[in-house]
Novice: 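The structure that follows is given in the form of structure tokens.
Each chain gets a letter, A, B and so on, in the order its sequence line appears, and its residues count up from 1. Keep in mind it's a predicted model, so treat the numbers as computed, not measured.
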Amino acid sequence: MAIRIFVNTKPLETEAATLAALLEEIGQKTDGIAVALNRRMIPKTEWNNTPLTADGEVMIIKAACGG
Amino acid sequence: MKPLKIGDRVFNSRLFFGTGKFSANELMSAAIAASETEMVTMAMKRIEMDNNAQDDDMLRHIAREGLQLLPNTSGVRNADEAIFAAQMAREAFGTNFLKLEIHPDPRYLLPDAVETLKATEQLAKMGFTVLPYCPADPTLCKHLEEAGAAAVMPLGAPIGTNKGLRTKDFLQIIIEQANVPVVVDAGIGAPSHAAEAMELGADAVLVNTAVAVAANPIEMAIAFKEAVIAGRRAFEAGLAATADHAVASSPLTDWLS
């Protein structure tokens with residue numbers, strides 16, 4: 001069953017049950033990024049067993065230029 | 001010149017480099033190579049869901065063997081946000097090195113001493129190699145050192161102002177008292193400012209805007225590299241003392257009379 005979550009503040013309907021499945025669903029490459037769920041950093045090793053729930057807020061970051 | 005040790009890393013170059021404000025990633029990459037820097041700072045951003053595939057990954061342009069990444073916490077407003085940002089950075093970039101910067105005021109971007117100290121203490125306990133960007137306050141720098149900072153990064157002048165070492169008298173005290181490396185960060189707008197900091201005994205300088213917005217960033221990167229080497233060499237050689245009256249450098253024998 002699809003649930004609505006937010007990815008970088010954008011609403012998204014997803015069938016993905018876990019963080020790992022979500023990243024695959026949106027075609028996100030997994031190196032050089034970090035992921036947080038509801039403001040908590042989730043290490044890559046836990047993506048597979050981190051379930052998504054309705055209204056969950058996923059944050060995905062990558063490198064940016066800066067001083 | 002003596003190498004510089006910060007955390008578990010040894011650096012032969014005492015010029016650290018920021019990656020902001022370059023007009024193109026290729027130019028940034030060439031300037032970094034020309035500078036011979038061994039540590040560069042970078043920031044983090046949220047992936048844009050609509051535009052991610054087109055977005056050029058800046059990491060691709062700075063990746064070089066032996067180059068230490070120094071992710072920063074730019075954008076955070078307090079210690080709690082800084083700790084979250086630090087965890088994200090360590091996960092994304094696989095390094096414990098962290099430039100801790102907490103500057104809630106967008107007009108002057110001055111670092112928040114209280115939150116910076118609080119965050120340094122916690123992040124050091126979490127195993128981060130913390131390099132806090134901080135006010136040029138000698139007492140604060142000692143507190144940061146005691147809290148576990150791997151180096152301190154006092155400012156010369158507000159970020160991006162290119163005004164040079166407006167805090168020189170305080171930097172001198174910080175350098176005199178420090179038991180960790182002192183990296184002068186922010187405000188360095190010309191190679192002469194970098195040389196001045198190194199002559200004072202700073203262990204390194206961090207430069208960004210002055211190179212990134214120069215008419216020729218690659219040439220400017222080389223100029224900074226040379227200035228940092230010259231300043232450090234002068235410091236290690238031992239600068240001559242100043243005097244209020246003339247001190248003759250030629251013999252004053254009266255051979256004409």
Novice: List for me each residue that meets side-chain hydrogen bond (donor to acceptor under 3.5 Å, both in side chains) alongside B:Glu81, sequence neighbours excluded, and say none if there are none.
Specialist: B:Arg77
Novice: In Å, rounded to the nearest 0.5 Å, how long is the span from SG of A:Cys65 to CD1 of B:Ile62?
Specialist: 7.5 Å
Novice: Nearest 0.5 angstrom please: B:Phe93 CZ to A:Ile33 CD1, how far?
Specialist: 10.0 Å
Novice: Under 4.5 Å heavy-atom distance to chain A, tell me which part of B:Met58 shows up: side chain, backbone, both or neither.
Specialist: side chain
Novice: Spell out the residues in residues 82-91 of chain B that have some non-hydrogen atom less than 4.5 Å away from a non-hydrogen atom of chain A, in order of number; otherwise answer 'none'.
Specialist: B:Phe84, B:Gln87, B:Met88, B:Glu91
Novice: Measure the shortest side-chain to side-chain distance between B:Lys45 and A:Lys62 over non-hydrogen atoms and say whether it is less than 4.5 angstrom.
Specialist: yes
Novice: What part of A:Ile42 gets within 4.5 angstrom of chain B, counting heavy atoms only: side chain, backbone, both, or neither?
Specialist: backbone
Novice: Just grab all the side chain to side chain donor-acceptor pair (under 3.5 Å) pairs involving residues 39-51 of chain A, residues at least two apart or on different chains.
Specialist: none
Novice: Can you name the closest pair of heavy atoms from B:Thr19 and A:Ala64 and give their distance?
Specialist: OG1-O, 4.3 Å
Novice: Step through the shown structure and confirm whether more than 12 heavy atoms of other residues, nucleotides or ligands are within 6.0 Å of CD on A:Glu25.
Specialist: yes
Novice: Less than 4.5 Å to any heavy atom of chain A: does that hold for the side chain of B:Asn25, its backbone, both, or neither?
Specialist: side chain
Novice: Report the residues that fulfil side chain to side chain contact (heavy atoms under 4.5 Å, CB included) with A:Pro11, sequence neighbours left out, ordered by chain and then residue number.
Specialist: A:Arg4, A:Phe6
Novice: Considering residues, nucleotides and ligands other than B:Arg9, do more than 12 of their heavy atoms fall under 6.0 Å from its CZ?
Specialist: yes
Novice: Is the backbone of A:Gly67 close enough, under 3.5 Å, to the side chain of B:Asn72 for a donor and an acceptor to pair up by distance?
Specialist: yes
Novice: Out of B:Ser74, B:Gly94, B:Ala43, which one racks up the most heavy-atom pairs below 4.5 Å with chain A?
Specialist: B:Ala43
Novice: Heavy-atom distance under 4.5 Å to chain A: side chain of B:Lys99, backbone, both or neither?
Specialist: side chain
